[in-house]
Amino acid sequence: MGLPGRLAVISVGLLAASAAPALAMRRSYGGRAGARFAAGSVLATLAQQSLVGIAAARKNASLKVLDAMTLSRGVASAVLVGLLVSGVRRRNGVAGWLGWGSLVYGSIVCDWLDGPIARRLGATSELGALLDLESDSWLTLTAAFSAATWGGLPGYCLAAPLARYALMVAALRRIPYAQIYADEPPWARPFGIAQMALFTAAMAPFGAAGTRLAVRLAAPFVAPLQLVGMLLLHRRSQRTLPT
């Protein structure tokens with residue numbers, strides 16, 4: 001199956017996966033919230049898949065079966081976008097569990113499985129690595145907005161996820177994409193994990209007073225550290241430029 005056909009099949013599957021959350025939102029919060037959720041999630045999915053098609057065409061590469069698992073993180077992002085568009089601002093109830101469950105799937109279950117499975121099956125590729133990295137970043141950005149909107153996190157927690165895209169655009173003017181994120185230092189991943197853990201805890205629908213306190217205390221440390229980490233990674237990528 002060629003790129004257009006496989007991309008279409010994956011896209012239909014991702015859109016179908018968003019149907020159940022849309023129905024749940026409609027039943028719990030009414031037709032207007034359900035329609036807004038559906039519109040937001042569908043548009044987010046279509047935007048993602050359009051960009052995937054462009055990236056694959058530029059690299060003259062085909063999507064692999066395992067790439068569907070990586071791209072399924074887009075369902076998690078689409079759910080978060082849908083919740084933001086729906087106007088429902090509840091950390092508990094159906095909306096809270098949908099957002100938190102989607103985030104756990106995308107950032108833990110899927111993220112921690114697709115890479116090892118691809119390496120074990122010998123299915124790694126340059127396109128797959130790009131999709132993995134950008135799916136992570138997109139999910140992080142939507143999680144940051146969600147955590148700030150109904151999770152109680154301060155707005156400055158959006159700085160690092162937004163800065164990542166600004167710095168990437170700036171770097172692409174001088175070096176190739178693959179070179180920007182090549183040979184990341186050992187501390188980069190723990191910084192990212194800490195940031196996502198903060199978003200996950202902030203959105204937890206079962207968080208008690210202790211969890212709320214921990215989130216408030218951690219945010220002033222985790223968010224600035226991640227922003228500093230982004231700036232250091234950008235500076236590190238510039239050091240490899242030819243003189």
What distance do Q48 atom CD and T45 atom OG1 have between them, rounded to the nearest 0.5 Å? 6.5 Å
Nearest 0.5 angstrom please: F37 CZ to S28 OG, how far? 11.0 Å
Quick one: do L158 and L153 satisfy side chain to side chain contact (heavy atoms under 4.5 Å, CB included)? Show the steps, please. CA-CA 9 Å; L158 294 167; L153 282 186; over 6 Å; no
I want to check something: taking the side chain as every heavy atom from C-beta on, are S72 and Y105 in contact at a cut-off of under 4.5 Å? yes
Would a 4.5 Å heavy-atom cut-off, applied to side chains only, mark D67 and R6 as touching? no
State whether the side chain of S41 and the backbone N or O of A38 hold a donor-acceptor pair below 3.5 Å, judged by distance alone. yes
Gap separating the CG atom of L131 from the CG atom of L51, nearest 0.5 angstrom: 10.5 Å
Taking Y29 for the side chain and S86 for the main chain, is one N or O donor matched with an acceptor at less than 3.5 Å? no
More than 12 foreign heavy atoms under 6.0 Å from CD of E184: is that the case here? yes
Atom pair SG (C157) and CG (L162), whose distance is rounded to the nearest 0.5 Å: 11.5 Å
Are L233 and L141 connected into the same hydrophobic cluster when the rule is that any two of I, L, V, M, F, W, Y join if their side-chain heavy atoms are below 4.5 Å apart? no
Worked verdict on M203 versus W150 for side chain to side chain contact (heavy atoms under 4.5 Å, CB included): CA-CA 7 Å; M203 294 169 59; W150 72 79; 3.9 Å; yes
Nearest 0.5 Å, please: how far is OG in S137 from CZ in R164? 3.0 Å
Just do the side chain to side chain contact (heavy atoms under 4.5 Å, CB included) check on Q49 and L71 with the steps written out, would you? CA-CA 9 Å; Q49 294 304 98; L71 293 175; 4.1 Å; yes
Report yes or no: do V222 and F191 belong to one cluster of Ile/Leu/Val/Met/Phe/Trp/Tyr joined by side chain heavy-atom distances under 4.5 Å? no
W100 vs F206 aromatic rings, parallel, tilted or perpendicular, using cut-offs 30° and 60°? perpendicular
Work out which heavy atom in L198 is nearest to a heavy atom in V215; give both atom names and the distance. CD1-O, 3.9 Å
Please confirm whether the backbone N or O of W138 pairs with a side-chain atom of Y165, one donor and one acceptor, at under 3.5 Å? yes
Would you name the heavy atoms of R212 and A204 that are closest together and state the gap between them? NH2-O, 3.8 Å
Can you get from L172 to L127 by hopping between Ile, Leu, Val, Met, Phe, Trp and Tyr side chains that sit under 4.5 Å apart? yes
How far apart are the C-alpha atoms of L84 and S146, what are their side-chain angles, what is the distance that settles it, and do they pass the side chain to side chain contact (heavy atoms under 4.5 Å, CB included) test? CA-CA 7 Å; L84 289 167; S146 300; 4.0 Å; yes
Under 4.5 Å between side-chain heavy atoms, hopping through other hydrophobics if needed: is there a path connecting L66 to V109? yes
What is the distance from atom CD1 of I108 to atom OG1 of T200, rounded to the nearest 0.5 Å? 5.5 Å
Looking only at heavy atoms, which two atoms of L139 and A76 are closest? And how far apart? CD1-CB, 3.9 Å
Determine whether W187 and L225 fall in the same hydrophobic cluster, where Ile, Leu, Val, Met, Phe, Trp and Tyr are linked whenever their side-chain heavy atoms lie under 4.5 Å apart. yes
Could you pull out the closest heavy-atom pair between A95 and L83, with the gap in Å? O-CD1, 3.6 Å
Determine, for R73 against E134, whether the closest basic-nitrogen to carboxylate-oxygen distance falls under 4.0 angstrom. no
For the residue pair M168 and Y177, establish whether any side-chain heavy-atom pair is separated by less than 4.5 Å. yes
Crowding at OH, Y156 (>12 non-hydrogen neighbours, <6.0 Å): yes
For the student: nearest non-hydrogen atoms of Q226 and A160, plus distance: CG-CB, 3.5 Å
Heavy-atom pair with the smallest gap, counting every atom of I180 and S237: O-CB, 3.7 Å
So does R89 have more than 12 non-hydrogen atoms from other groups sitting under 6.0 Å from CZ? yes
